[in-house]
There are 2 protein chains.
Amino acid sequence: MEDIIRSLGFLCLGSRLKRIGEQLQADTQRVLDRLEVPVQSSQYPLLAALDRLGPLPVGELAQALGIAQPGITRSVALLAELGLVEVGQSNNDQRRRIVSLTGNGRRLVDVAKRDVWPRIEKAVADLCADLSGPLLDQLAAIEDGLAAAPIDRRVQNAIDAVP
Amino acid sequence: MEDIIRSLGFLCLGSRLKRIGEQLQADTQRVLDRLEVPVQSSQYPLLAALDRLGPLPVGELAQALGIAQPGITRSVALLAELGLVEVGQSNNDQRRRIVSLTGNGRRLVDVAKRDVWPRIEKAVADLCADLSGPLLDQLAAIEDGLAAAPIDRRVQNAIDAVP
DNA sequence: TGCTGTTATATATCATGTTATTGTTTAACT
DNA sequence: AGTTAAACAATAACATGATATATAACAGCA
């Protein structure tokens with residue numbers, strides 16, 4: 001069966017990028033599921049931003065992550081529910097709500113940084129390592145690579161290879 | 001403000017691809033809005049699939065577009081509501097529901113193929129034309145290019161350039 | 001000081017993807 | 001032929017992005 005999105009080339013590049021991105025996130029989610037971490041893969045960028053930049057108000061988080069503010073508000077509420085972040089008031093501006101990692105959030109990020117993120121990053125980097133040439137060719141290679149072995153299997157293979 | 005998704009590199013490649021894809025679709029949507037076409041940009045791949053492959057059952061549409069079957073069911077219902085596609089029964093298998101373009105759908109696709117799609121494709125192709133090198137660099141160049149001039153402005157500029 | 005406009009966040013609603021489940025129809029055995 | 005398994009599509013429920021709008025706090029100026 002012909003892959004129409006692929007055939008349409010640049011015309012549907014947006015759909016195609018979204019499709020690959022969703023695939024990657026779903027694969028990564030399976031890695032996290034196996035580790036019984038209670039956070040969706042899509043929430044990690046927010047945690048990583050707080051880790052890198054320290055406590056931030058909602059608006060600046062939105063800027064740092066390049067997504068719209070209501071998305072941040074929702075993610076923060078979710079992560080606060082899980083006890084991973086907390087929101088406090090700004091001293092000099094009562095409108096701003098400063099988001100920061102809790103102790104549990106801090107621990108989760110530290111563990112992820114040490115044990116999980118490097119593996120995922122390596123698996124994705126390997127997937128993309130030998131790519132070159134025009135963008136559409138690289139995307140096709142990624143799609144083919146993911147079809148042959150999704151990220152979670154690549155991570156697992158790497159773990160199994162350790163004696 | 002640091003762009004965290006970009007800084008995280010391969011680790012958040014999925015989020016980044018989704019983000020760029022959404023940007024591209026939103027830009028394209030603005031092109032369509034200006035033309036007062038009553039269809040979301042994300043529905044065009046489905047119409048294009050029917051145009052290219054002829055009437056198809058739901059499951060094969062899902063395969064051709066690489067998205068899950070419930071997504072197709074919903075899009076088909078939406079496009080049927082708009083009178084652009086219709087669903088019929090298969091002769092020999094009562095489970096299959098064959099989706100095909102209506103007269104209006106046919107006309108919409110023909111106009112789009114002639115007047116709209118080439119312009120969008122050209123704008124996106126130009127955006128990506130000079131890219132080379134590693135994937136992440138190409139993605140950064142696309143992000144920068146879209147920030148400098150979104151697709152809808154590129155299309156409009158091309159139209160305005162016609163004397 | 002009090003009005004006005006701006007800024008920061010929250011909320012509502014929508015779009016579009018996902019997985020899990022259900023109901024029907026078809027196919028395949030025994 | 002009758003039971004069981006598989007395939008197809010619809011539905012439910014959720015995730016996560018968007019835009020538009022409401023609310024509250026701040027800032028500037030008459």
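Side-chain atoms are counted along with the backbone in the values below, which use heavy atoms only and exclude waters and symmetry mates.
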Nearest-Å distance for atom pair [atom1]/[atom2], residues [X] and [N]:
| X | N | atom1 | atom2 | result |
| --- | --- | --- | --- | --- |
| B:Arg16 | D:dT16 | CZ | C1' | 20 Å |
| B:Leu46 | C:dA15 | CG | C1' | 15 Å |
| A:Tyr44 | D:dT16 | OH | C1' | 17 Å |
| B:Glu60 | D:dC8 | CD | P | 8 Å |
| A:Arg96 | D:dC26 | CZ | C1' | 12 Å |
| B:Leu61 | D:dA9 | CG | P | 9 Å |
| B:Ile98 | D:dA9 | CD1 | C1' | 12 Å |
| B:Leu17 | D:dG17 | CG | C1' | 15 Å |

All pairs passing salt bridge (Lys or Arg N to Asp or Glu O under 4.0 Å) where residues 99-108 of chain A contributes a residue, at least two apart:
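Found A:Asp51-A:Arg106, A:Arg106-A:Asp110.
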Going 5' to 3' along nucleotides 16-27 of chain C, which nucleotides have protein heavy atoms under 4.0 Å from the base (write B), which only from the sugar-phosphate (write S), and which from neither (write -)?
BBBBB----BS-
Just distance, no hydrogens or angles: give the donor-acceptor pairs under 3.5 Å from side chains in residues 60-70 of chain A, sequence neighbours left out.
residue, atom, partner, partner atom, Å
A:Glu60, OE2, A:Arg96, NH2, 3.1
A:Gln69, NE2, A:Thr73, OG1, 3.1

Any ring-ring contact (aromatic ring centres under 6.0 Å, His included) involving residues 110-158 of chain B? Give me the pairs, sequence neighbours left out, ordered by first then second residue.
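Checked against ring-ring contact (aromatic ring centres under 6.0 Å, His included) - neighbours excluded - the pairs reaching residues 110-158 of chain B are B:Tyr44-B:Trp117.
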What pairs meet the ring-ring contact (aromatic ring centres under 6.0 Å, His included) rule with one or both residues in residues 53-90 of chain A, with sequence neighbours excluded?
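As it turns out, there is no ring-ring contact (aromatic ring centres under 6.0 Å, His included) pair with a partner in residues 53-90 of chain A once direct neighbours are skipped.
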With A:Glu86 via salt bridge (charged side-chain N to carboxylate O under 4.0 Å, His left out) - residues at least two apart:
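A:Glu86 satisfies salt bridge (charged side-chain N to carboxylate O under 4.0 Å, His left out) with no residue once adjacent residues are dropped.
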Does any N or O in the side chain of B:Glu22 come within less than 3.5 Å of the main-chain N or O of A:Lys18, such that one atom is a donor and the other an acceptor?
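Not confirmed, B:Glu22 side chain does not pair with A:Lys18 backbone.
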